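What's counted below: heavy atoms across the whole structure, side chains too, no hydrogens, waters or symmetry copies. The structure presented is a predicted model; accordingly, all values stated were derived computationally and were not measured.
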Amino acid sequence: MSRTKAIFLFFMLQITLVFAQSPPGYDLWLGYSEIEEPALLKEYQNTFKSIYFQNGNEMLHAAERELTTGIKKMLRKLPDFEKLRNSENTVVIAKKSNLESSLLKRLAFDFDQLGADGFVIKTVLFERKQVLIVTANEDIGILYGVFGLLNLMQQRESLKHIMLSDAPKVNIRMLNHWDNLDRTVERGYAGFSLWNWQKLPEYIDQRYIDYARANASIGINAVSLTNVNANALILTPAYLEKVQALAKVFRPYGIKIYLTARFSAPIEIGGLETADPLDLNVQNWWHGKVKEIYDYIPDFGGFLVKANSEGQPGPQNYGRSHVDGANMMAMALEPFGGNVIWRAFVYSEHDTSDRAKQAYTQFVPFDGKFRDNVLVQTKNGAIDFQPREPFHPMFGAMPKTPLMMEFQITQEYLGFSTHLVFLPKLFEEVLHSDTYSKGKGSTVAKVIAGSLNQKKLTGMAGVANIGTDLNWTGHPFAQANWYGFGRMAWDPYLDSETIANEWIKATYSQNPNFITAIKSMMLTSREAVVNYMNPLGLHHIFDTGHHYGPGPWVSELSRPEWNPVYYHKADEKGIGFNRTPSGSDATAQYAPELAKIFNDPKTCPEEYLLWFHHLPWDYKLKNGHTLWDGLALKYQQGVDQVKTMIVTWDDSKQYITPEQHNEVRMLLQIQLREAKWWRDACLLYFQTFSKQALPEGVNKPTKTLAYYKSLKFPFAPGIRPQWH
């Protein structure tokens with residue numbers, strides 16, 4: 001045996017041992033299950049007889065390692081790599097610049113469409129045999145191409161006649177971690193923060209590498225490490241050297257690091273007396289700080305900023321605008337190629353107007369005034385990551401500004417990591433919504449992808465649901481939300497059914513009966529949660545602070561818009577928030593075609609009915625039920641849908657391991673109990689206004705309203721613990 005072969009076998013043994021020790025769920029969608037279909041196994045074995053993989057930098061080495069891992073696990077064989085291209089190769093993986101002209105002719109492909117990140121996977125007839133080619137313009141395209149190839153194999157696709165070209169439609173595909181420096185995670189439900197600041201920079205946890213692999217496999221190319229409720233210490237040398245170590249881990253996987261910048265940092269860590277963005281000393285401080293960061297991290301992405309929101313400092317503290325603040329930071333970053341991502345999640349205790357209108361009011365007048373390296377990051381809806389909201393009106397109103405979508409992958413208002421909710425259904429609903437800003441077909445997806453308004457800088461962010469739990473996300477099915485976000489950030493036109501199908505095959509089973517049943521369960525799960533939490537357009541009726549469970553009765557918080565009663569406005573006359581011209585007139589922020597639809601309760605989609613209208617309890621819904629009966633029946637339907645999910649899961653247990661089945665079944669039992677809690681608590685409270693009996697078909701509560709109001713939750717996760 002040659003020395004090279006011996007080293008390689010030793011390397012493969014280490015991989016085998018690492019994966020053999022992985023706890024259930026740790027591998028995410030990268031488990032690379034063994035191919036059991038005989039004909040397909042034979043095809044793949046023939047395909048991968050002899051692989052030429054272009055030698056190169058650490059990114060190409062990362063791609064080669066991933067291919068090695070995937071083939072070893074799926075085919076139970078060691079791949080045979082050739083260092084030199086020869087006539088025996090059955091697979092060729094190389095950049096366009098490294099392909100011989102005869103192979104390029106066989107490809108017959110216009111590489112200009114690929115950009116830097118895109119790739120081609122194609123089987124061609126060459127030298128009297130079939131050769132599988134994976135190629136791209138740049139190293140990062142090769143990395144994505146290898147993950148694309150492995151995904152095709154996980155989907156059990158034949159490679160005999162494959163012709164796939166793919167490139168992202170969005171530039172910045174980003175995870176926003178809301179991790180605090182003490183390792184608690186705001187709105188995190190899967191343990192503590194991954195980032196062990198105490199052990200960094202010397203100690204590199206294997207989790208950092210596997211995290212980067214998982215992100216690269218779905219095209220995520222940017223990460224902000226810390227909470228948008230920022231701590232200025234992250235910008236100090238003591239932390240920058242730790243961030244530098246993480247950047248080194250992420251770099252081979254094409255991931256850039258962003259940092260959350262606290263606007264008052266010049267005061268808190270810079271010794272200045274002001275953070276006024278028009279003050280020359282403040283500007284010089286940020287220029288110096290940016291240069292210092294790039295000295296540590298040459299490929300630093302830039303800053304993510306939450307300013308003048310929920311108590312965070314910002315330019316308005318000094319009588320300046322969001323444009324003044326964002327452009328000041330953008331000027332400092334511009335020479336280095338960095339970006340500012342400025343969040344539009346703003347509302348003020350000094351503004352008595354409808355909270356849903358305030359971000360639009362503050363930002364739309366500044367359309368076109370931000371510098372070219374500024375993106376305005378806008379939540380999918382105008383309130384705050386609710387189970388259902390109409391799309392944010394800003395997406396149809398700022399054609400001159402790059403708007404970056406912000407979705408929440410973590411389930412702050414969706415039952416935490418104990419509820420099974422397939423969020424790509426929510427993402428799809430928002431992205432496919434029509435803004436009508438340039439006529440019919442002006443979808444939110446086109447705004448985000450930049451095609452509607454010819455934007456070169458585009459982005460999509462997701463608030464991460466990742467923590468130190470063994471399976472990363474707490475609930476096994478919450479992994480599908482991480483996966484689905486990445487897939488939709490790469491291509492916002494994808495449909496959720498395709499994503500569910502991919503994830504099930506890569507994570508659980510290839511059995512068609514299992515896939516059909518579980519895909520149906522996933523695709524209906526989000527609607528179930530809307531039904532038992534916030535049906536017919538209700539929103540923000542969650543308990544205080546932790547948002548764990550219902551609290552529609554909460555009315556005594558210091559700011560009106562922090563109270564659920566502000567949003568549902570239930571009284572003896574009816575329920576709902578009037579946002580028509582006779583109310584707050586929030587509908588005027590949408591295109592006239594939409595405003596006309598939303599303003600009339602007869603044409604308003606019923607899923608948004610109480611978002612836009614305050615209606616009497618006896619208002620007739622389209623199905624003939626009164627509003628009270630329809631609301632109660634929706635709550636019951638949500639509970640019944642969870643019961644159906646449990647039956648579906650139990651019927652499918654033969655296709656998975658007992659451990660996999662039991663883990664999800666226990667979580668579904670929690671979800672069922674809490675769905676009943678939502679139904680009973682909300683209906684008992686709203687019944688005090690409607691004065692009507694529950695309709696037939698709705699189970700009567702077994703507890704009193706006083707009982708539900710008395711509940712306390714010191715164990716609710718997702719907020720920073722307070723030690724007394």
Side-chain angles (χ1 to χ4, degrees), residues 344 346-348 351-365 378-398 429-430 433-437 439-440 442-444 530 534-541 552 555 560-631 634 682 686 689-690:
V346 295
Y347 61 99
S348 172
D351 187 343
T352 58
S353 68
D354 180 359
R355 173 175 162 180
K357 296 175 61 176
Q358 292 184 30
Y360 182 107
T361 301
Q362 289 195 39
F363 278 89
V364 170
T378 309
K379 289 189 178 185
N380 59 274
I383 297 294
D384 188 12
F385 297 135
Q386 297 301 292
R388 171 169 278 131
E389 299 184 49
F391 73 87
H392 203 303
M394 282 175 59
F395 289 118
M398 296 187 71
E429 180 176 289
V430 174
S433 295
D434 198 338
T435 70
Y436 285 88
S437 59
K440 188 173 175 60
S442 304
T443 62
V444 174
V530 171
N534 288 198
L536 297 178
L538 286 176
H539 51 286
H540 224 313
I541 59 174
S555 62
E561 75 278 11
W562 284 352
N563 291 284
V565 296
Y566 172 93
Y567 298 97
H568 63 70
K569 301 191 183 300
D571 55 26
E572 292 187 359
K573 294 180 180 179
I575 186 172
F577 198 120
N578 183 1
R579 293 191 166 101
T580 71
S582 65
S584 75
D585 201 24
T587 54
Q589 295 182 340
Y590 290 92
E593 296 93 330
L594 287 175
K596 183 179 179 181
I597 293 170
F598 292 151
N599 282 333
D600 186 347
K602 297 300 182 184
T603 57
C604 180
E606 286 193 340
E607 60 263 32
Y608 302 135
L609 192 61
L610 301 181
W611 182 283
F612 289 115
H613 296 275
H614 188 277
L615 296 170
W617 295 108
D618 60 357
Y619 174 84
K620 284 293 179 68
L621 299 174
K622 292 174 184 176
N623 60 11
H625 289 300
T626 64
L627 177 57
W628 168 251
D629 285 358
L631 189 68
K634 280 289 185 183
C682 290
F686 292 135
F689 300 103
S690 76

Non-neighbouring partners of P560 that pass side chain to side chain contact (heavy atoms under 4.5 Å, CB included), sequence neighbours left out: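 Residues passing side chain to side chain contact (heavy atoms under 4.5 Å, CB included) with P560: Y566.
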
Heavy-atom neighbours of K622 NZ exceed 12 at 6.0 Å: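 Enclosed.
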
Under a 3.5 Å distance rule, please check whether [X] uses its side chain to pair with a backbone N or O of [Y] as donor and acceptor.
| X | Y | result |
| --- | --- | --- |
| N623 | H625 | yes |
| E389 | N380 | no |
| D434 | K440 | no |
| T435 | G396 | no |
| Q386 | D384 | yes |
| H392 | T378 | no |

Please name the pair of heavy atoms, one in [X] and one in [Y], separated by the smallest distance, quoted to 0.1 Å.
| X | Y | result |
| --- | --- | --- |
| A382 | A356 | CB-O, 3.4 Å |
| I597 | P605 | CG2-CD, 4.0 Å |
| A344 | A359 | O-CB, 3.2 Å |
| D571 | W617 | O-NE1, 2.9 Å |
| P535 | L631 | CG-CD1, 3.8 Å |
| I383 | H540 | CG2-CD2, 3.4 Å |

Taking C-beta and beyond as the side chain, do [X] and [Y] meet within less than 4.5 Å on heavy atoms?
| X | Y | answer |
| --- | --- | --- |
| I575 | F686 | yes |
| Y436 | S442 | no |
| L621 | L627 | yes |
| V565 | I541 | no |
| Y567 | R355 | yes |
| P616 | K573 | no |

How long is the span from the [atom1] atom in [X] to the [atom2] atom in [Y], to the nearest 0.5 Å?
| X | Y | atom1 | atom2 | answer |
| --- | --- | --- | --- | --- |
| K569 | L610 | NZ | CG | 13.0 Å |
| K620 | T626 | NZ | OG1 | 7.5 Å |
| S353 | Q358 | OG | CD | 4.0 Å |

Any donor-acceptor N or O pair under 3.5 Å, side chains R388, Y608: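 No pair is found: no donor N or O on one side chain lies under 3.5 Å from an acceptor on the other.
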
Pairs involving residues 578-590, ordered by first then second residue, that meet side chain to side chain donor-acceptor pair (under 3.5 Å) (sequence neighbours left out):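 Sorted result for residues 578-590: D354-R579, D354-S584, H539-R579, N578-T580, N578-S582, T580-S582, T587-N599.
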
Aromatic centroids of F577 and H613 separated by under 6.0 Å: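 No, they do not, as the ring centres are separated by 6.0 Å or more.
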
Listed partners of E561 passing salt bridge (charged side-chain N to carboxylate O under 4.0 Å, His left out), at least two apart: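 So E561 forms a salt bridge (charged side-chain N to carboxylate O under 4.0 Å, His left out) with R559.
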
